[in-house]
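All values derive from a computational prediction rather than experimental measurement.
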Amino acid sequence: MGKVASLEALQVFKCLSDETRLMLVLLIAKEQSLCVCEMTYALDESQPKVSRHLAQLRQCGLLSDQREGQWVYYRLAPQLPEWVQVIIQAGSDGSALRVNELSQRLAKMGDRPARRAALC
């Protein structure tokens, strides 16, 4: 069991070791649910880059996705172990200024219907 637990922890830390992936997870944790276009706008990154990182986070088991029409929304995986939730919260605490900046940038997009019309 120790080896499996270490491998899982290693996978989580590898997934969160990239700044873009970390910011995606922290922003999703704060906002509850975001689509690719919202994250692309908030991070000021290209859609292919954001999508690539989201796929890696999904493969890690940190995120789940849900399709609504032509949009795919990402949220934290519902059954994350408590130790992973603690890591995400610690990352959020340690990156509070950056996460707040991203949230403020996201808020400038307006509400979801306006965001969809403008960007998605």
Side-chain angles (χ1 to χ4, degrees):
M1 181 174 152
K3 191 172 186 177
V4 172
S6 295
L7 182 61
E8 289 175 3
L10 180 61
Q11 183 75 7
V12 168
F13 283 109
K14 280 184 176 182
C15 281
L16 296 176
S17 68
D18 178 85
E19 181 182 7
T20 300
R21 288 192 298 270
L22 177 62
M23 288 302 115
L24 287 168
V25 167
L26 298 180
L27 188 59
I28 291 168
K30 181 171 183 159
E31 300 292 328
Q32 305 291 316
S33 170
L34 292 170
C35 71
V36 175
C37 62
E38 291 169 320
M39 290 178 272
T40 300
Y41 181 83
L43 293 173
D44 195 25
E45 295 287 354
S46 70
Q47 182 273 324
K49 179 178 181 175
V50 170
S51 292
R52 184 180 75 246
H53 285 294
L54 289 168
Q56 290 171 326
L57 291 165
R58 216 175 43 248
Q59 289 173 349
C60 269
L62 293 175
L63 298 181
S64 64
D65 60 350
Q66 179 179 348
R67 181 170 287 281
E68 290 182 24
Q70 68 186 45
W71 295 279
V72 178
Y73 289 91
Y74 291 84
R75 49 185 52 91
L76 293 180
Q79 301 301 325
L80 286 178
E82 185 178 340
W83 64 270
V84 175
Q85 294 174 32
V86 169
I87 290 168
I88 292 170
Q89 183 58 54
S92 184
D93 293 346
S95 301
L97 272 166
R98 178 73 175 131
V99 173
N100 284 335
E101 288 172 2
L102 295 174
S103 287
Q104 288 173 1
R105 181 170 167 77
L106 188 60
K108 291 178 183 175
M109 293 176 69
D111 60 2
R112 275 244 159 90
R115 290 179 194 176
R116 283 183 178 173
L119 295 170
C120 299

Exercise. Taking only residues two or more places apart in sequence, or in another chain, which ones meet Lys14 in a salt bridge (Lys or Arg N to Asp or Glu O under 4.0 Å)?
Worked result: none

Exercise. Which atom pair, heavy atoms only, marks the closest approach of Gly61 to Leu80?
Worked result: O-CD2, 3.6 Å

For this session: Only counting residues at least two apart or in another chain, list the ones meeting salt bridge (Lys or Arg N to Asp or Glu O under 4.0 Å) with Asp18.
Result: none

Problem set entry | Partner residues of Arg75 under the side-chain hydrogen bond (donor to acceptor under 3.5 Å, both in side chains) criterion, sequence neighbours left out | Ser33, Gln66

For this session: Drop me the distance from Leu24's CG to His53's NE2, to the nearest 0.5 angstrom.
Result: 7.5 Å

Seminar exercise, completed: For Asp93, the side-chain hydrogen bond (donor to acceptor under 3.5 Å, both in side chains) test, sequence neighbours excluded, returns Gln89

Problem set entry | Any side-chain heavy-atom pair of Leu106 and Leu34 under 4.5 Å | yes

Show every donor-acceptor pair shorter than 3.5 Å between a side-chain atom in residues 96-104 and any protein atom, with sequence neighbours excluded, or say none if there are none.
from, atom 1, to, atom 2, distance (Å)
Asn100, OD1, Lys30, NZ, 2.5
Asn100, ND2, Ala96, O, 3.2
Ser103, OG, Glu31, OE2, 3.0
Ser103, OG, Val99, O, 3.3

For this session: Return the minimal non-hydrogen interatomic distance between Ser46 and Thr40, and the atom names on each side.
Result: C-CG2, 4.1 Å

Exercise. Do the non-hydrogen side-chain atoms of Val12 and Trp83 ever get within less than 4.5 Å of each other?
Worked result: yes

Exercise. Do the side chain of Arg105 and the main chain of Tyr41 share a donor and acceptor less than 3.5 angstrom apart?
Worked result: yes

Seminar exercise, completed: Tightest non-hydrogen contact, residues Ile87 and Phe13, listed as CD1-CZ, 3.6 Å

For this session: Check step by step if side chain to side chain contact (heavy atoms under 4.5 Å, CB included) holds for Leu76 and Leu62.
Result: CA-CA 6 Å; Leu76 293 180; Leu62 293 175; 5.7 Å; no

For this session: Indicate yes or no: at least one non-hydrogen side-chain atom of Glu8 is less than 4.5 angstrom from one of Val84.
Result: no

Exercise. For residues 46-58, which residue pairs qualify under salt bridge (charged side-chain N to carboxylate O under 4.0 Å, His left out), counting only residues two or more places apart or in two chains?
Worked result: Glu45-Lys49, Arg58-Asp65

Seminar exercise, completed: Nearest heavy-atom contact between Ser17 and Arg21 is OG-NH2, 4.2 Å

Exercise. Mind checking what makes side chain to side chain contact (heavy atoms under 4.5 Å, CB included) contact with Leu22, not counting sequence neighbours?
Worked result: Leu16, Leu26

For this session: Using the test side-chain hydrogen bond (donor to acceptor under 3.5 Å, both in side chains), find all partners of Gln47 that sit at least two apart in sequence or belong to another chain.
Result: Ser51

Exercise. Taking all non-hydrogen atoms of both residues, which atom of Trp71 and which atom of Cys35 are closest, and how far apart?
Worked result: CD1-SG, 4.5 Å

Exercise. What residues form a side-chain hydrogen bond (donor to acceptor under 3.5 Å, both in side chains) with Gln59, not counting sequence neighbours?
Worked result: none

Seminar exercise, completed: Hits for side chain to side chain contact (heavy atoms under 4.5 Å, CB included) against Val86, two or more places apart or cross-chain, chain-then-number order -> Glu82

Exercise. Salt bridge (Lys or Arg N to Asp or Glu O under 4.0 Å) with Glu19: which residues, sequence neighbours excluded?
Worked result: none

Exercise. What pairs meet the disulfide (SG to SG under 2.5 Å) rule with one or both residues in residues 39-109, with sequence neighbours excluded?
Worked result: Cys15-Cys60

Exercise. Roughly how far, to the nearest 0.5 Å, is the CD1 atom of Ile28 from the OH atom of Tyr74?
Worked result: 8.5 Å

